[in-house]
Amino acid sequence: MEIRILSGLEAKPLVDPFYERNRKGHQARKSDLFFVATEDQEILGAVRFCVESGASLLRSLVVDEKHQRKGIGKQLLLEFEKHLNQNRIRSVFCLSDAYLQNLYEKIGFRMIRNVEAPAFLQERLLEYKNIHPGIRCILLKRP
């Protein structure tokens, strides 16, 4: 498995079809940065990093359904963490399904109270809860 870091422009032709195959509504933007795990030209997973309204975000972690539970998500997050450390990027937020909390905590994320997040993330959390009432979403921050 190889993990590459790609700009949104480079990643778009790869990750948009990947997201679609995995029933995710995401689309790459040129300002995004992607950490893409591949093997034999197949995308196994991707992490999307972006800045919105001045806040750094781990926007998504998606692993192909047929490759889940193989440590790919963990490897992607470790590469993401290395990038954050090398570039001294602090105060990264993440809005996530609660079941992924332990995984994100492995690279320093901690659950925060809603009021500790930027207003746009607080609003997004409420939107998610309204759209997906059965899924428990949480806010995390890597200080």
Visitor: For Thr38, does its backbone N or O pair with a side-chain atom of Glu2 as donor and acceptor, under 3.5 Å?
Guide: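 Judged by distance alone, no pair lies under 3.5 Å.
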
Visitor: Would you say Met111 and Leu125 are hydrophobically clustered, going by side-chain heavy atoms of ILVMFWY under 4.5 Å?
Guide: no

Visitor: Heavy atoms only: give me the nearest Val92-Phe109 pair and the separation to one decimal.
Guide: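 In this case the closest contact between Val92 and Phe109 is O-CE2, 3.2 Å.
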
Visitor: First locate atom SG of Cys94, then atom CG of Leu139, and finally report the distance between them rounded to the nearest 0.5 Å.
Guide: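 Nearest 0.5 Å value for the SG-CG distance: 8.5 Å.
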
Visitor: Could you tell me whether the side chain of Ile5 reaches within less than 4.5 Å of the side chain of Leu33, counting heavy atoms only?
Guide: yes

Visitor: For a quick test of reading the model, state the closest non-hydrogen atom pair linking Lys66 to Lys70 and the distance between them.
Guide: O-NZ, 3.5 Å

Visitor: Is Val63 reachable from Phe35 through a run of I, L, V, M, F, W or Y residues, each pair having side-chain heavy atoms under 4.5 Å apart?
Guide: yes

Visitor: To check you understand the geometry: which heavy-atom pair defines the closest contact between Gly45 and Phe18, and what is its length?
Guide: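 Minimum heavy-atom contact is CA-CZ, 3.7 Å.
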
Visitor: Quick check: does any side chain N or O of Asp64 sit under 3.5 Å from a backbone N or O of Asn22, one acting as donor and the other as acceptor?
Guide: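 A pair under 3.5 Å: no.
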
Visitor: Would you mind reporting whether Leu121 and Leu57 have side-chain heavy atoms less than 4.5 Å apart?
Guide: yes

Visitor: Let's go through Lys12 and Lys30 carefully: what are the C-alpha distance in whole Å and the side-chain angles of both, what is the deciding distance for side chain to side chain contact (heavy atoms under 4.5 Å, CB included) to 0.1 Å, and is it a yes or a no?
Guide: CA-CA 8 Å; Lys12 189 169 184 56; Lys30 65 181 177 182; over 6 Å; no

Visitor: Looking at every non-hydrogen atom in both residues, tell me the closest pair between Ser91 and Lys141 and how far apart they are.
Guide: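 Closest heavy-atom pair between Ser91 and Lys141: OG-CE, 3.7 Å.
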
Visitor: Quick check: closest heavy atoms across Arg90 and Pro143, and the distance to 0.1 Å?
Guide: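 Of all heavy-atom pairs spanning Arg90 and Pro143, the closest is CD-O, 4.3 Å.
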
Visitor: A side-chain contact here means heavy atoms from C-beta on lying under 4.5 Å apart; do Leu77 and Leu61 qualify?
Guide: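 With C-beta onward as the side chain, the pair touches.
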
Visitor: Within a 6.0 Å radius of atom CZ on Arg110, are there more than 12 heavy atoms belonging to other residues, nucleotides or ligands?
Guide: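 More than 12 within 6.0 Å, yes.
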
Visitor: Linking I/L/V/M/F/W/Y whenever any side-chain heavy atoms sit under 4.5 Å apart, do Ile72 and Ile43 land together?
Guide: no

Visitor: To the closest 0.5 Å, what do you measure between CG (Asp16) and CZ (Arg21)?
Guide: 11.0 Å

Visitor: Glu42 and His67: side-chain donor and acceptor closer than 3.5 Å?
Guide: yes

Visitor: Considering non-hydrogen atoms only, spot the tightest contact between Phe93 and Ala117 and give its length.
Guide: CE2-CA, 4.0 Å

Visitor: Which pairs count as salt bridge (Lys or Arg N to Asp or Glu O under 4.0 Å) when at least one residue sits in residues 123-134, sequence neighbours excluded?
Guide: Glu52-Arg124

Visitor: Please table the atom pairs, donor to acceptor, closer than 3.5 Å between any side-chain atom in residues 95-107 and protein atoms at least two apart or in another chain.
Guide:
from: Gln101; atom 1: NE2; to: Glu105; atom 2: OE2; distance (Å): 2.9

Visitor: So that I can tick it off, tell me whether Glu10 and Arg4 are bridged by a salt bridge, with the cut-off set at under 4.0 angstrom between side-chain N and carboxylate O.
Guide: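 Answer for the salt bridge query: no.
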
Visitor: CZ of Arg88 to CD of Gln86: how many Å apart, nearest 0.5 Å?
Guide: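 Between Arg88 CZ and Gln86 CD, I get 10.5 Å after rounding to 0.5 Å.
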
Visitor: Do the side chain of Glu116 and the main chain of Arg113 share a donor and acceptor less than 3.5 angstrom apart?
Guide: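 Checking the backbone N and O of Arg113 against the side chain of Glu116, a donor-acceptor pair under 3.5 Å is found.
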
Visitor: May I have the step-by-step check of side chain to side chain contact (heavy atoms under 4.5 Å, CB included) for Ile135 and Tyr128, ending in yes or no?
Guide: CA-CA 9 Å; Ile135 298 175; Tyr128 286 177; over 6 Å; no

Visitor: Does atom CG of Asn130 have more than 12 heavy-atom neighbours, drawn from other residues, nucleotides or ligands, at distances under 6.0 Å?
Guide: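 More than 12 within 6.0 Å, yes.
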
Visitor: Do side-chain atoms of Asn87 reach the backbone of His83 as a donor and acceptor pair under 3.5 angstrom?
Guide: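 Yes, Asn87 side chain to His83 backbone: donor-acceptor pair under 3.5 Å.
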
Visitor: Is it true that Leu126 and Ile138 fall in one hydrophobic cluster, defined by side-chain heavy atoms closer than 4.5 Å?
Guide: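 Different hydrophobic clusters.
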
Visitor: With the 4.5 Å side-chain cut-off for hydrophobic clustering, are Leu58 and Leu78 part of the same group?
Guide: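 Leu58 clusters together with Leu78.
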
Visitor: Holding to side-chain contact (heavy atoms from CB on, under 4.5 Å), I want the full list of residues that pass it with Ala11, two or more places apart in sequence or in another chain.
Guide: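 Partners of Ala11 under the side-chain contact (heavy atoms from CB on, under 4.5 Å) test: Leu6, Val15, Phe34.
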
Visitor: Would you say Asp32's side chain and Arg29's backbone share a donor-acceptor pair under 3.5 angstrom?
Guide: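 Yes, because the side chain of Asp32 sits within donor-acceptor range (under 3.5 Å) of the backbone of Arg29.
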
Visitor: Does a salt bridge link Arg23 with Glu65, judged by any charged N lying under 4.0 Å from a carboxylate O?
Guide: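 Result for this pair is yes, salt bridge flagged.
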
Visitor: Check whether any side-chain heavy atom of Met1 lies under 4.5 Å from a side-chain heavy atom of Leu44, and answer yes or no.
Guide: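 Contact flag for Met1/Leu44 side chains = yes.
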
